[in-house]
Each structure stands twice: as C-alpha cells, then as structure tokens.
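The analysis underlying the following values was restricted to heavy atoms, covering all of them including side chains, and did not include hydrogens, waters or symmetry mates.
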Amino acid sequence: MPVSLLIEGILIGFVVAVPVGPLGLLCVNRGLAHGATWGFFSGLGVATADALAAGIAALGITLISTFLVEHQMALRLVGGIFLCFLGYKIFRTTPMNQPTPSNVSGLFSAYATTFLLTFSNPLTIFSFVAIYAGWGLQSLRYHYFAAAVLTLGVFTGSALWWIFVFAGVTLFRDAFSARVLGMIHRVSGSIIAGFGLIVLLSLAPLKATLGILF
C-alpha cells in the first residue's frame, strides 16, 4: 500500500503542478529574471504547500480547512493585493543579461512567498478533496503513515515538474534577448496582476453584478 500511495501521490503532484496559473508564471518569471535557482525555490514553495494541503485533505483535518474558510475574505484580500504588487513589480523589472547572485535571504523569500500564497488559498485544499474523489482514493483518516507517504509523493511529483521546467529555463535562457525578456516581464506581470485584480473583485459588491462565482 505505501508504494502504491507514493506512486499515486507522485502522479497527482505532477498533474496538479502542470497547469500554469499566476504562481506558475511568477516562478518562471523569477527563473528568467534571477536564474533557475530562484525559480526552482519558488516552485518548491508551491510544491510544499500542495503537499501539505494534500496531507490535510487526505486526513480530513477540519481544523485548518475550517480556519481557512472562515478567514478566506481576509486571506483573499491580502493575496489579491500581493499578486497585484508582484505583477506591477515584475512589469517594471528591467531585464538583465546575467541573473542576480543567489543568496540565502533571497532564496528563502522566493520559497516563502509562493508557499504562503498557495497554502493560504482555501481552494488548494478543496481541490485535493475533489481530486481524491475523482481519483477514487480511499480516505486516509487516522492513517497517518499512509497520509505521510501520499504527501511525500505529491511533493515529489510537483518538485519533478519544477525540475523539468527550470532545466529548460537554464538551457534556453541565454537564447532570449533583453527585448524578449522585457516582453515576457510585461506580459507575465500583467497576467499576474490581472489574477490579483480578479481576486479583489471577488470581494467587492461587483461580484454579483459581474457574475463572479468564487
């Protein structure tokens, strides 16, 4: 059972990591701007949050999920503002021919920001509940070792995706000119800020008017 759960976790983690959302764009942009190490640590932050959410969903721990739901308005407000800020900052970034040197503080910040943005979103845990249901995965409530194995698998699968992504970034980054990098910054920055704006609109009275369903 543990081996099969590990394999299932790796597959789930990989599948969850592949779609490119605002945080995926943020990780790739950091990889292009500062080097693959920065991007990879940003990706690890997402992978860690996904794995933690996967474990919580598998165990059926309601305390954390209830807290996230009860405070989702505040979490969305902070997350939306932060995504808008990151998008604006990326939009205004001046491309550099060489990535900035990696340092412990910078790498930790890259990891922590993506971890907090991913884990603070209640939909992260709920998405794993839905995935488990569709996957036909049995409840692991009170089966702590099995849940830990599944969590490790999800982290491994997600991390493998980011390894592939930033191996590609390392190989092809030099092929991008400063002009192309500048365009990537502006486009990805606009998209990330747009996601943040959508999150903020979901909190506003315009939500019902615009038909926003989240």
Side-chain angles (χ1 to χ4, degrees), residues 10 13-54 75 78-121 123-124 127 151-199:
I10 291 173
F14 193 87
V15 169
V16 169
V18 169
V20 179
L23 294 180
L25 284 173
L26 174 62
C27 295
V28 172
N29 190 275
R30 284 177 173 175
L32 291 173
H34 304 294
T37 304
W38 274 62
F40 179 63
F41 269 74
S42 299
L44 283 183
V46 178
T48 305
D50 281 343
L52 186 57
L75 292 171
V78 173
I81 292 174
F82 194 53
L83 283 175
C84 289
F85 169 75
L86 286 177
Y88 174 77
K89 188 175 180 180
I90 290 172
F91 186 90
R92 296 295 301 272
T93 298
T94 301
M96 294 176 292
N97 292 327
Q98 296 296 328
T100 57
S102 298
N103 57 75
V104 175
S105 176
L107 293 179
F108 177 77
S109 174
Y111 173 89
T113 51
T114 53
F115 171 81
L116 292 173
L117 281 171
T118 304
F119 187 69
S120 63
N121 186 353
L123 293 178
T124 304
S127 65
T151 299
L152 176 62
V154 171
F155 175 81
T156 303
S158 184
L160 282 174
W161 165 251
W162 292 113
I163 289 174
F164 292 149
V165 169
F166 293 110
V169 169
T170 302
L171 290 174
F172 298 108
R173 184 185 186 280
D174 292 338
F176 297 118
S177 65
R179 181 180 178 183
V180 173
L181 285 175
M183 291 178 60
I184 292 173
H185 287 328
R186 287 189 287 274
V187 171
S188 60
S190 299
I191 293 174
I192 291 170
F195 273 105
L197 183 60
I198 290 173
V199 172

What are the two closest heavy atoms between Val154 and Ala51, and how far apart are they? CG1-CA, 3.9 Å

For Thr118, check side-chain contact (heavy atoms from CB on, under 4.5 Å) against everything at least two apart and list the hits. Leu23, Val46, Ala49, Asp50, Thr124

Under the rule for side chain to side chain donor-acceptor pair (under 3.5 Å), what residues qualify as partners of Thr48, not counting sequence neighbours? Tyr111

The single option from Val15, Thr156, Leu152 that satisfies side chain to side chain contact (heavy atoms under 4.5 Å, CB included) with Ile10 is Thr156

To check you understand the geometry: which heavy-atom pair defines the closest contact between Gly43 and Cys27, and what is its length? N-SG, 3.6 Å

Checking Arg30 side chain against Ala110 main chain: does a donor-acceptor pair fall under 3.5 Å? yes

Drop me the distance from Trp162's CH2 to Phe14's CZ, to the nearest 0.5 angstrom. 11.0 Å

Qualifying residues under side-chain contact (heavy atoms from CB on, under 4.5 Å), relative to Leu52, sequence neighbours excluded: Ile56, Phe115, Phe119

